[in-house]
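Since the model is a prediction, treat every value here as computed from it, not as a measurement.
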Amino acid sequence: MSTGARVTLSQAADELGVHYQTAYRWVRHGRLPALKVNGSYEVGVDAIAEVRQWRAAPAPPPQRRVRSWAPFADRAHAALASGDETSLGELIAGLVEGGVSLGPVCDHVLAPALAAIGEAWAGGKLSIADEHRASAICERAVARWAPARPGRPRGVAVVCSPTEEGHGLPGLMATAVLREHHWRVHHLGVGVPLDAVGQLVVREAADVVVVSVAWPPALPEAARLAERLAEPGRRVLLGRPGGTLAQLVAGVGPAP
């Protein structure tokens, strides 16, 4: 319970826009910390602010189960191969707005589609321009879902990459998924020097650092960066080629 300014429980209920009995129930359940003074409850103004933030946080969206991802991955691949940005955007929007989390969409729809594009390029069926166009379309599609979510953040995260890494899409996906799970994320993209990354991590008091890697030769530098940033109370997650966003979500766990 705060030792700062306090108001009566009735006043706290009025400020929160709820019935007195609702506020009283929150006190009984520990949601609204209160102090009993001369037989009446008093509530700290900071506790009221915390409950207001809690109420402002959106409820978790209903999760839609997808029986088979293959048709969606095939549609994404066709859109990327032909440069049909509108169709890809509509496909992702239909899934996310229909109750599918962004992480599985990236893992099971975009990643296989991009892998197929890469194989087609390696086999001479697509040009390097086609491959870059597909990556750029995916970046713009994912960026639509990357803005921070309203409500109280679970913690602070920094998403970065080693300087040798040239692929920005995996880090953007990680950022979007962490924000979907209500983390406050500082997304640095690629090409930021290690010293500058470390300074920002300290300045922002990051709880979690995600080092995104898609190019295998960049792994040694990424491992050095992860080791350098690791400290008690701060989790550093090293992404690897072939890793999934489901592993990332499991790795961040609850806020420290």
### Task
Would you name the heavy atoms of R133 and L80 that are closest together and state the gap between them?
NH2-O, 4.2 Å
### Query
Going through the checks in order, is the side chain to side chain contact (heavy atoms under 4.5 Å, CB included) test met by V105 and F72?
CA-CA 9 Å; V105 173; F72 296 104; over 6 Å; no
### Query
Looking only at heavy atoms, what is the nearest atom pair of L248 and A174, with distance?
CD2-CB, 3.6 Å
### Message
Which residues end up grouped with V209 if you chain together Ile, Leu, Val, Met, Phe, Trp and Tyr wherever their side-chain heavy atoms are less than 4.5 Å apart?
### Response
V158, L188, V192, L194, V197, L200, V201, V211, V213, L219, L225, L229, V236, L238
## Note on the structure
Rounding to 0.5 Å, atoms CD (E42) and CG (L35) come to a distance of 6.5 Å
## Note on the structure
Correct closest heavy-atom pair for A246 and D107 would be N-OD2, 3.1 Å
### Message
Please determine whether the number of non-hydrogen atoms from other residues, nucleotides or ligands lying under 6.0 Å from atom CH2 of W69 exceeds 12.
### Response
yes
#### Entry: Verify same cluster id: I137, L169 (apolar side-chain graph, 4.5 Å)
yes
## Note on the structure
Rounding to 0.5 Å, atoms CG (D130) and OG (S82) come to a distance of 10.0 Å
### Summary
The residue among M173, H181, E180 that forms side-chain contact (heavy atoms from CB on, under 4.5 Å) with L102 is E180
### Message
Restricting to non-hydrogen atoms, name the atom on V142 and the atom on A176 that form the minimum distance, rounded to 0.1 Å.
### Response
CG1-CB, 4.0 Å
### Query
Is V156 linked to V202 within one hydrophobic cluster, defined over Ile, Leu, Val, Met, Phe, Trp and Tyr using a side-chain heavy-atom separation of less than 4.5 Å?
no
### Query
Measuring from L110:CG to L91:CG, what's the distance to the nearest 0.5 Å?
8.0 Å
### Query
Under the 3.5 angstrom rule, does the side chain of E165 hit a backbone N or O of A214 as a donor-acceptor pair?
yes
### Query
Under a 4.5 Å side-chain heavy-atom rule over Ile, Leu, Val, Met, Phe, Trp and Tyr, are L178 and V190 clustered together?
no
### Query
Rounded to the nearest 0.5 Å, what separation is found between the CH2 atom of W145 and the CD1 atom of I92?
8.5 Å
### Query
Any donor and acceptor pair, going by atom type alone, linking the side chain of S127 with main-chain N or O of A129 inside 3.5 Å?
yes
### Query
Ignoring hydrogens and geometry, is there a side-chain-to-backbone donor-acceptor pair from T8 to Q11 under 3.5 Å?
yes
### Query
Salt bridge or not for R144 and E97, using N-O below 4.0 Å?
yes
### Query
If only atom types and distance count, is the side chain of R240 paired as donor or acceptor with the main-chain N or O of P216 below 3.5 Å?
no
### Message
Hydrophobic clustering (ILVMFWY, side-chain heavy atoms < 4.5 Å, transitive) - are V18 and V45 grouped together?
### Response
yes
### Query
Can you name the closest pair of heavy atoms from C106 and P112 and give their distance?
O-CD, 4.5 Å
### Query
So, for A12 and V7, which heavy atoms are closest and what is the spacing to 0.1 Å?
N-CG2, 3.9 Å
#### Entry: N/O donor-acceptor pair under 3.5 Å between E139 side chain and L172 backbone
no
### Query
Quick one: does S40's side chain get under 4.5 Å of L9's, heavy atoms only?
no
#### Entry: Side-chain donor or acceptor of R154 paired with backbone N/O of H182 under 3.5 Å
no
### Query
Below 4.5 Å, heavy atoms only, C-beta onward: do L32 and Y41 meet side chain to side chain?
no
### Query
Can you check whether S212's main-chain N or O pairs, donor with acceptor, with S161's side chain at less than 3.5 Å?
yes
### Message
Just verifying a value: how many Å separate E164 CD and W215 CH2, rounded to the nearest 0.5 Å?
### Response
6.5 Å
### Task
State the NE2-CG distance between H167 and L114, to the nearest 0.5 angstrom.
10.0 Å
